[in-house]
Protein chains: 2
Amino acid sequence: MSNRVTIIDVAAKAGVAISSVSSALNNRPGVSEDTRRRIVAAAKELGFVPSLRGRSLSAKRAFTVGLVVHRDPYVLESDPFFGSFIGGIETVLDPRGYALILQMGSEPVETLDRYRTLAANRRVDGVFISDLGVDDPRVPLVLELGLPAVGVNADPGFPLTAVRQSHVEGIRELVEHLVGLGHTRFAHVTGPHEFIHAGQRLRAWSDALEDAGLPVGEIVEGDFTYDGGVAAANGLLAGRATRDRPTAVMCSNDLSAIGFLGRAGELGLRAPDDLSVAGFDGIELGTYVRPTLTTVATNPRLLGVEAARLLLETIERIDGMAVADVDIEPARLVVRTSTGPAPRPR
Amino acid sequence: MSNRVTIIDVAAKAGVAISSVSSALNNRPGVSEDTRRRIVAAAKELGFVPSLRGRSLSAKRAFTVGLVVHRDPYVLESDPFFGSFIGGIETVLDPRGYALILQMGSEPVETLDRYRTLAANRRVDGVFISDLGVDDPRVPLVLELGLPAVGVNADPGFPLTAVRQSHVEGIRELVEHLVGLGHTRFAHVTGPHEFIHAGQRLRAWSDALEDAGLPVGEIVEGDFTYDGGVAAANGLLAGRATRDRPTAVMCSNDLSAIGFLGRAGELGLRAPDDLSVAGFDGIELGTYVRPTLTTVATNPRLLGVEAARLLLETIERIDGMAVADVDIEPARLVVRTSTGPAPRPR
DNA sequence: AATTGCTACCGAAACGTTTCGGTTAAAGTA
DNA sequence: TACTTTAACCGAAACGTTTCGGTAGCAATT
């Protein structure tokens with residue numbers, strides 16, 4: 001209601017030109033220490049906060065970055081990734097005067113349109129691209145739009161700056177863990193094949209098993225949901241003789257592993273005695289369910305922190321040079337109680 | 001890179017003044033149908049999109065609203081509310097040219113600061129206030145700041161516009177359901193007492209039982225987490241004689257109910273035979289766990305839709321009049337398999 | 001004493017809209 | 001014909017910054 005105090009008010013109060021106020025408050029040279037102090041005092045006294053709108057127009061920047069998530073509502077609901085990822089982003093954005101615009105598109109096309117509008121009216125200075133798909137259309141789009149962007153967990157050769165957390169070490173550790181426990185019959189429940197990280201996890205799993213000289217075993221496609229884990233358990237376990245069942249199963253994420261375990265229990269198969277099951281993600285829920293879930297724990301918060309850092313760097317880059325990728329520490333195996341020695345053949 | 005096309009370019013192309021372009025494109029009167037068509041054609045041909053920044057400065061509006069969530073990371077992680085709530089908000093915001101700024105504060109004080117900064121540099125035109133606490137400090141803050149705001153599931157007498165989904169019908173239905181099954185020993189696991197909705201649910205539960213002429217039974221404080229449910233089960237079930245245990249338990253949310261059920265199972269108590277357990281929320285996970293979870297299903301998406309509608313109405317209100325509250329259809333009982341007939345005393 | 005160089009400061013333009021008062025020309029009235 | 005009304009259109013101000021070119025004043029140089 002009371003009209004906002006502007007730079008003009010500060011200039012009047014300090015008895016200087018508005019350009020001097022601007023210079024003083026932004027630590028630009030060309031203003032004496034004396035008047036700088038006077039200006040700062042006046043600004044403080046008046047409670048001056050520079051208008052983002054004025055600054056935006058002048059600087060040709062929105063001081064805002066965007067995240068468009070495109071997921072099934074349910075997957076999003078129960079996915080711990082975004083909460084922490086966004087939390088991490090925030091810790092970087094906030095002190096630097098940026099804010100995050102979040103949009104959701106259920107359909108991929110819809111998502112693309114969101115990016116387009118975001119770019120068209122310059123609502124954001126840059127965007128995050130998470131949940132990368134194979135041949136993700138958002139990549140050529142942001143390139144065409146000239147919109148600064150950072151990819152999350154991109155494959156090598158990604159044409160934009162990317163932040164990554166390697167899956168391979170942790171999954172290799174998991175395989176070694178299972179092999180060490182004497183398992184020989186493996187299975188892998190993937191995520192939807194259109195996401196590149198589903199493929200990355202499968203590949204790490206297969207490679208590690210091959211390197212160990214063991215058969216890769218069965219591979220069934222899941223969908224990252226609890227129900228997908230249930231379905232996979234039905235396919236891999238139900239109505240099979242003991243000797244035909246895998247004894248060590250990795251699910252592509254924790255939620256589906258928990259679903260898998262639940263269904264296995266109903267079928268009379270208890271982990272870790274009858275079979276071993278591991279997930280991927282490291283969600284908190286995995287520490288509460290029984291058996292507690294062996295998993296490969298990622299760090300979405302740190303991923304968010306680094307992604308935000310990279311994006312701001314890309315945006316504020318004066319020259320057109322690309323910003324170097326960042327790899328955070330790899331995801332690591334966390335052994336809990338859902339994995340154990342391979343059952344003795346009787 | 002190619003410089004953005006502005007209203008000036010459109011005016012030049014159409015051979016009119018920029019004010020005419022503005023009038024034409026915003027459907028203001030004072031421009032003939034003929035030139036309007038010419039202007040629209042020119043704008044389209046040039047691919048003109050009005051600059052949000054220019055518009056913002058001129059209109060003294062950010063065309064942005066804010067949501068600041070303040071929750072434990074873990075609660076947020078596994079809480080299905082925000083995904084759907086935000087999804088609902090988006091469907092309203094997007095067609096009206098608004099966007100959502102999401103911020104997270106883990107500490108309550110931090111959250112307050114976020115609101116303050118958001119308001120100070122006028123980054124948003126209004127905010128949502130969700131997860132209302134008792135004597136929530138955000139309420140006096142936004143009132144003091146003159147920041148348009150909408151509260152979610154506020155108690156009666158709330159000084160701001162609010163959107164609500166009543167709990168009482170659904171919880172009453174739940175009580176009737178349990179009473180009809182012959183239960184007589186009840187217990188309730190609350191949410192953290194600092195949230196008003198935890199109190200609202202408890203009150204509805206107690207009132208319904210009282211109205212049925214039955215003892216309210218034990219009440220233990222939970223925290224909305226899986227682990228909180230586990231702890232509550234320990235307190236209510238472990239080491240007790242059958243006749244001292246409650247046979248019907250409502251947990252204040254689904255996640256803690258699932259934790260409760262998990263721990264009960266470990267203690268050798270199976271739902272629905274040995275006891276009945278119900279939750280509140282209606283999360284998808286409840287349909288997958290065994291037994292499937294009886295619950296009172298809310299509609300966070302619709303809540304988001306209506307909250308956004310109300311907020312935009314409040315913002316665009318010319319007169320200072322308050323916008324009327326909205327009540328969406330009450331949360332309803334969904335009976336699944338975690339509740340059943342009271343166990344026969346032997 | 002005249003010239004140069006530098007610092008501190010100022011004024012105005014630019015960013016891209018919307019809005020408001022004013023001007024023109026056509027149409028209507030006496 | 002002379003006057004008023006009205007619609008269509010225009011120009012400029014306003015929104016609140018930053019930036020850039022310019023000027024005044026002073027010390028240093030010749």
Side-chain angles (χ1 to χ4, degrees), chain A residues 2-40 42-43 46-64 97-98 119-123 125 316 318, chain B residues 1-40 42-43 46-64 97 119-123 125 316 318:
Chain A
S2 62
N3 246 337
R4 192 188 173 62
V5 22
T6 83
I7 198 173
I8 304 180
D9 304 324
V10 178
K13 173 134 194 159
V16 296
I18 56 173
S19 50
S20 301
V21 177
S22 180
S23 297
L25 295 179
N26 293 305
N27 289 313
R28 301 252 179 292
V31 39
S32 73
E33 201 45 48
D34 199 37
T35 53
R36 183 186 304 271
R37 262 197 295 272
R38 213 169 65 246
I39 289 169
V40 170
L46 293 174
F48 170 67
V49 181
S51 149
L52 194 70
R53 304 212 246 281
R55 231 150 56 86
S56 242
L57 186 60
S58 177
K60 295 163 170 277
R61 284 231 211 112
F63 300 101
T64 305
Y98 278 74
N121 47 33
R122 297 277 205 275
R123 203 185 251 288
D125 302 321
E316 293 177 350
I318 318 107
Chain B
M1 318 318 175
S2 65
N3 246 337
R4 192 188 174 64
V5 21
T6 82
I7 198 172
I8 304 181
D9 305 324
V10 179
K13 173 135 193 160
V16 296
I18 57 173
S19 50
S20 302
V21 177
S22 179
S23 298
L25 263 27
N26 293 305
N27 290 313
R28 302 254 178 290
V31 40
S32 73
E33 200 46 48
D34 200 36
T35 54
R36 181 185 306 270
R37 262 196 294 272
R38 213 169 66 248
I39 289 170
V40 170
L46 293 175
F48 170 67
V49 181
S51 150
L52 194 70
R53 303 213 244 283
R55 232 151 53 88
S56 244
L57 187 60
S58 177
K60 295 162 170 280
R61 285 232 210 110
F63 300 101
T64 305
N121 48 33
R122 298 276 205 276
R123 204 184 251 288
D125 302 321
E316 293 177 350
I318 318 107

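Since this is a predicted model, take the numbers as computed values, not measurements. Throughout, a chain's letter reflects where its sequence line sits, starting with A, and its residues are numbered from 1.
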Quiz item: Quick check: does any side chain N or O of R122(B) sit under 3.5 Å from a backbone N or O of R53(A), one acting as donor and the other as acceptor?
Solution: no

Practice problem: Assign each of G15(B) and A59(B) to its nearest nucleotide of DNA chain D by heavy atoms, then name whichever residue's nucleotide is nearer the 5' end. | Solution: G15(B)

Exercise. Would you mind telling me which residue lines up with the more 5' stretch of DNA chain D, I18(B) or G54(B), judged by nearest nucleotide?
Key: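 Its nucleotide being nearer the 5' end, the pick is I18(B).
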
Distance in Å, [X] [atom1] paired with [Y] [atom2], rounded so as to fall on 0.5 Å steps:
X       : Y      : atom1 : atom2 : result
I39(B)  : I7(B)  : CD1   : CD1   : 9.0 Å
R123(B) : T64(B) : CZ    : OG1   : 8.5 Å
L52(A)  : L57(B) : CG    : CG    : 11.0 Å

Atom-to-atom span, [atom1] of [X] to [atom2] of [N] - whole angstrom:
X       : N       : atom1 : atom2 : answer
R4(A)   : dA14(D) : CZ    : C1'   : 16 Å
R55(B)  : dT19(C) : CZ    : P     : 11 Å
R38(A)  : dA8(C)  : CZ    : P     : 13 Å
L52(B)  : dC15(D) : CG    : P     : 19 Å
N121(A) : dC15(C) : CG    : C1'   : 16 Å
L57(A)  : dT18(C) : CG    : P     : 12 Å
R123(B) : dT17(D) : CZ    : P     : 15 Å
I8(B)   : dA12(D) : CD1   : P     : 13 Å

Quiz item: Looking at dG16(C), dC10(C), dG16(D), which one has an atom nearest to any side-chain atom of V16(A)?
Solution: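 Of the candidates, dC10(C) comes closest.
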
Practice problem: With the side chain of K60(A) defined as its heavy atoms from C-beta on, choose the nearest nucleotide among dT18(D), dG16(D), dG16(C). | Solution: dG16(C)

Practice problem: Select base, sugar-phosphate, or nothing to describe what R53(A) touches, counting heavy atoms under 4.0 Å on all strands. | Solution: nothing

Quiz item: Is V49(B) touching bases, backbone alone, or none of the nucleic acid, heavy atoms closer than 4.0 Å?
Solution: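 Sugar-phosphate only.
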
Exercise. Please work out which residues in residues 19-36 of chain A have a non-hydrogen atom less than 4.0 Å from an atom of DNA chain C and list them by number.
Key: S19(A), S20(A), G30(A), V31(A), S32(A), T35(A)

Practice problem: Go through R38(A) and V16(A) one step at a time and tell me if the side-chain contact (heavy atoms from CB on, under 4.5 Å) criterion holds. | Solution: CA-CA 10 Å; R38(A) 213 169 65 246; V16(A) 296; 3.5 Å; yes

Quiz prompt | Candidate list I8(A), V10(A), T6(A), D9(A), test side-chain contact (heavy atoms from CB on, under 4.5 Å), partner I18(A), passing option | solution =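 For I18(A), the side-chain contact (heavy atoms from CB on, under 4.5 Å) check succeeds only for I8(A).
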
Self-check item: Side chains of V49(A) and R4(A) in contact at under 4.5 Å (non-hydrogen atoms)
Solution: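 Side-chain contact under 4.5 Å: yes.
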
